[in-house]
Amino acid sequence: MTGNIENQQGRRHKRDLTRRKVVVAGAGAAVAVGAGATLAAGAFAGETKAKGGGTSATGTATGAEACYKLTSETTEGPYYIDADKLRQDITEDKEGIPLTLGIKVIDSETCEPLRDVAVDIWHCDALGIYSGYESLSTGGGGGGAPTGAPSGTPTGTPTGEPPTGAPSGGTGGGGMHEEPTDDERYLRGTWKTDKQGRVTFRTIFPGWYRGRCVHIHTKVHVDGEWTDAGYEGGHTCHTGQFFFDEESVLASAEVAPYSTSTTERTTLTEDTIYDQSGTQGGLLKLKYDKKNIAKGVQASITVGVDPEATHDGTDDAVQPGASATASATASAS
């Protein structure tokens with residue numbers, strides 16, 4: 001879709017970065033995530049055991065050396081809806097391969113877990129459609145499953161979230177937010193980290209659309225307050241994306257409803273947002289039955305953030321110590 005490129009300069013989404021609220025879901029908000037409990041108790045992607053019983057994401061940290069590199073910042077994309085649903089199970093009625101996503105958030109300088117911070121995730125469904133934007137992300141239609149990496153130059157009208165022109169470093173630029181076109185909110189959710197900095201979501205394996213590899217968007221919000229109304233205040237210290245290796249994506253393409261998509265697929269190495277840096281760039285650690293991925297996938301990752309920084313994914317990052325107000329001013333310029 002012309003004009004919706006994620007890193008396009010121009011009109012930017014204006015919102016109050018110092019106040020955020022979420023709508024508390026009903027009794028199902030804290031749905032148990034089954035296998036996710038086991039996943040959350042184990043080592044997360046990028047972590048290795050350090051001396052003294054702690055963990056080190058690099059396995060080589062000593063003394064003043066950073067214990068974990070900052071996870072790559074990326075563009076927010078046009079289809080973010082600010083903390084709309086406070087819940088761990090974001091599946092609703094969407095069909096797809098069950099996915100349990102375990103995220104651990106740590107301070108990249110101290111390596112200490114960050115507890116009670118708000119983590120957002122959102123992604124498209126099995127056919128490339130985003131809730132809240134169904135009329136803009138028209139999905140992949142029907143047909144046969146892709147059989148390998150695409151070749152040649154893509155043709156036709158783009159569908160789903162538009163491709164971006166972010167530099168290979170994956171930092172992303174500004175990006176133009178689109179206002180929601182419908183009231184659907186499937187495959188979106190916000191939840192808080194526990195005392196170990198961990199949060200687990202239950203969802204489905206995302207599909208794909210032209211111009212982007214398979215991915216999940218995320219934000220981490222700190223310094224806010226959890227109230228009866230949800231999460232308020234604070235600022236966004238990280239905006240990123242999580243990625244899936246090619247083996248898992250090709251396996252998913254053999255399973256309905258993914259197998260009905262006729263949309264040309266962008267591979268992980270072709271994607272303009274993923275910076276090819278593995279875990280630091282958002283690449284997930286995956287566990288599943290290689291003979292039957294339809295049974296479900298467990299994904300995990302450790303996200304290293306600077307809690308004093310502001311990275312909202314819609315403009316140039318504000319340096320550590322800068323205020324959310326300064327970020328809002330930069331966004332409006």
A.B. asks: Within the structure provided, determine whether V105 and I103 are in side-chain contact (heavy-atom separation under 4.5 Å).
C.D. replies: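 SC-SC contact between V105 and I103 confirmed.
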A.B. asks: Strictly distance-based, threshold 3.5 Å: is any side-chain N or O of T71 a donor or acceptor partner for the main-chain N or O of G304?
C.D. replies: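 Side chain of T71 to backbone of G304: a pair is present.
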A.B. asks: Checking D271 side chain against C213 main chain: does a donor-acceptor pair fall under 3.5 Å?
C.D. replies: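 It does hold such a pair.
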A.B. asks: Among K94, R188, K85, find the residue that satisfies the side-chain hydrogen bond (donor to acceptor under 3.5 Å, both in side chains) test when tested with S131.
C.D. replies: R188
A.B. asks: Strictly distance-based, threshold 3.5 Å: is any side-chain N or O of Y231 a donor or acceptor partner for the main-chain N or O of G224?
C.D. replies: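 Yes: the side chain of Y231 pairs with the backbone of G224.
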A.B. asks: Working to the nearest 0.5 Å, report the span between CD of Q276 and OG1 of T269.
C.D. replies: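 Output value for this atom pair is 6.0 Å.
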A.B. asks: So Y274 and L283, do their side chains get closer than 4.5 Å, heavy atoms only?
C.D. replies: yes
A.B. asks: Which distance, rounded to the nearest 0.5 Å, do you find between the CD of Q241 and the CG of D275?
C.D. replies: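 Output value for this atom pair is 10.5 Å.
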A.B. asks: Rounded to the nearest 0.5 Å, what separation is found between the CD1 atom of I301 and the CG atom of L284?
C.D. replies: 5.0 Å
A.B. asks: Would you name the heavy atoms of Y209 and G128 that are closest together and state the gap between them?
C.D. replies: CD2-O, 3.8 Å
A.B. asks: Might you point out which heavy atoms bring L114 and P307 nearest each other, and give the distance in Å?
C.D. replies: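 Taking every non-hydrogen atom into account, CD1-CB, 4.3 Å.
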A.B. asks: Nearest heavy-atom pair of P206 and L99: which atoms, and what distance?
C.D. replies: CD-CD2, 4.3 Å
A.B. asks: Rounded to the nearest 0.5 Å, how far apart are OG of S137 and OH of Y130?
C.D. replies: 8.0 Å
A.B. asks: Under the 3.5 angstrom rule, does the side chain of Y133 hit a backbone N or O of E178 as a donor-acceptor pair?
C.D. replies: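 Present.
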A.B. asks: Do E73 and T239 make a side-chain contact, defined as non-hydrogen atoms from C-beta onward lying under 4.5 Å apart?
C.D. replies: yes
A.B. asks: Is it possible for you to check whether K219 lies under 6.0 Å from the centre of the six-membered ring of Y80, through NZ or CZ, and within 45° of that ring's axis?
C.D. replies: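 Yes; both conditions hold, so K219 lies above the ring face of Y80.
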A.B. asks: Any carboxylate oxygen within less than 4.0 angstrom of a Lys/Arg side-chain nitrogen, looking at D194 and R115?
C.D. replies: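 Here D194 does not pair with R115 in a salt bridge, since their nearest N and O are not under 4.0 Å apart.
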A.B. asks: Answer yes or no: is there a side-chain heavy-atom contact under 4.5 Å between I216 and L101?
C.D. replies: yes
A.B. asks: As a test of understanding, state which of W122, Y79, F243 forms a ring pair (Phe, Tyr, Trp, His ring centres under 6.0 Å) with H217.
C.D. replies: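 Only one of W122, Y79, F243 forms a ring pair (Phe, Tyr, Trp, His ring centres under 6.0 Å) with H217, namely W122.
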A.B. asks: Heavy-atom distance under 4.5 Å between the side chains of E184 and E134, does that happen here?
C.D. replies: yes
A.B. asks: Compare all side-chain heavy atoms of R212 with those of I273 and state whether any distance is below 4.5 angstrom.
C.D. replies: yes
A.B. asks: Heavy-atom count around N292 CG within 6.0 Å, excluding the residue itself: above 12?
C.D. replies: yes
A.B. asks: Return the CD1 to SG distance between I129 and C124, rounded to the nearest 0.5 Å.
C.D. replies: 9.0 Å
A.B. asks: Quick one, K192 with Q88, criterion side-chain contact (heavy atoms from CB on, under 4.5 Å). Give me CA distance, side-chain angles, the key distance, then yes/no.
C.D. replies: CA-CA 9 Å; K192 64 180 177 180; Q88 289 179 277; over 6 Å; no
A.B. asks: Keeping T193 on the side-chain end and D116 on the backbone end, is there a donor-acceptor pair under 3.5 Å?
C.D. replies: yes
A.B. asks: Heavy-atom distance under 4.5 Å between the side chains of I204 and H123, does that happen here?
C.D. replies: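 Touching, per the 4.5 Å side-chain cut-off.
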A.B. asks: Distance check, rounded to the nearest 0.5 Å: L136 atom CG versus E179 atom CD?
C.D. replies: 11.0 Å
A.B. asks: Examine the side chains of D120 and T190 and answer whether a donor and an acceptor come within less than 3.5 Å of each other.
C.D. replies: yes
A.B. asks: Do you know which two heavy atoms are closest between T302 and T279, and how far apart they sit?
C.D. replies: O-CG2, 4.4 Å
A.B. asks: Without hydrogens or angle criteria, can the side chains of T181 and S135 be said to hold a donor-acceptor pair below 3.5 Å?
C.D. replies: yes
A.B. asks: What residues form a salt bridge (charged side-chain N to carboxylate O under 4.0 Å, His left out) with D245, not counting sequence neighbours?
C.D. replies: none
A.B. asks: Report the C-alpha separation of I106 and V305 in whole Å, then their side-chain angles, then the decisive distance to 0.1 Å, and conclude whether the side-chain contact (heavy atoms from CB on, under 4.5 Å) test is met.
C.D. replies: CA-CA 6 Å; I106 65 172; V305 304; over 6 Å; no
A.B. asks: Between the side chains of E246 and R265, is the shortest nitrogen-to-carboxylate-oxygen separation below 4.0 Å, so that they form an ion pair?
C.D. replies: yes
A.B. asks: Can any side-chain N or O of E112 pair as donor or acceptor with the backbone N or O of D107 at less than 3.5 Å?
C.D. replies: no
A.B. asks: Could you walk me through whether K287 and V297 pass the side-chain contact (heavy atoms from CB on, under 4.5 Å) test, one step at a time?
C.D. replies: CA-CA 6 Å; K287 293 183 179 180; V297 177; over 6 Å; no
A.B. asks: Hey, does H215 have a side-chain heavy atom less than 4.5 Å from the side chain of F242?
C.D. replies: no
A.B. asks: Work out which heavy atom in L127 is nearest to a heavy atom in P257; give both atom names and the distance.
C.D. replies: CD2-O, 3.4 Å
A.B. asks: Check the pair S300, K285 against side-chain contact (heavy atoms from CB on, under 4.5 Å), reporting the backbone distance first and the verdict last.
C.D. replies: CA-CA 5 Å; S300 67; K285 179 180 180 181; 3.8 Å; yes
A.B. asks: If you take all heavy atoms of S248 and Y288, which pair is closest and at what distance?
C.D. replies: CA-OH, 3.4 Å
A.B. asks: Please list, chain by chain and in numerical order, all residues satisfying ring pair (Phe, Tyr, Trp, His ring centres under 6.0 Å) with Y186, sequence neighbours excluded.
C.D. replies: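 Not a single residue meets the ring pair (Phe, Tyr, Trp, His ring centres under 6.0 Å) criterion with Y186.
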A.B. asks: Hey, is K290 close enough to E247 for a salt bridge, meaning N to O under 4.0 Å?
C.D. replies: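 The answer is yes: the pair qualifies as a salt bridge.
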A.B. asks: Please check this pair: side chain of S277 against backbone of G281, looking for a donor-acceptor N/O pair closer than 3.5 Å.
C.D. replies: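 Yes, the answer is positive, given that a donor and an acceptor are paired below the 3.5 Å cut-off.
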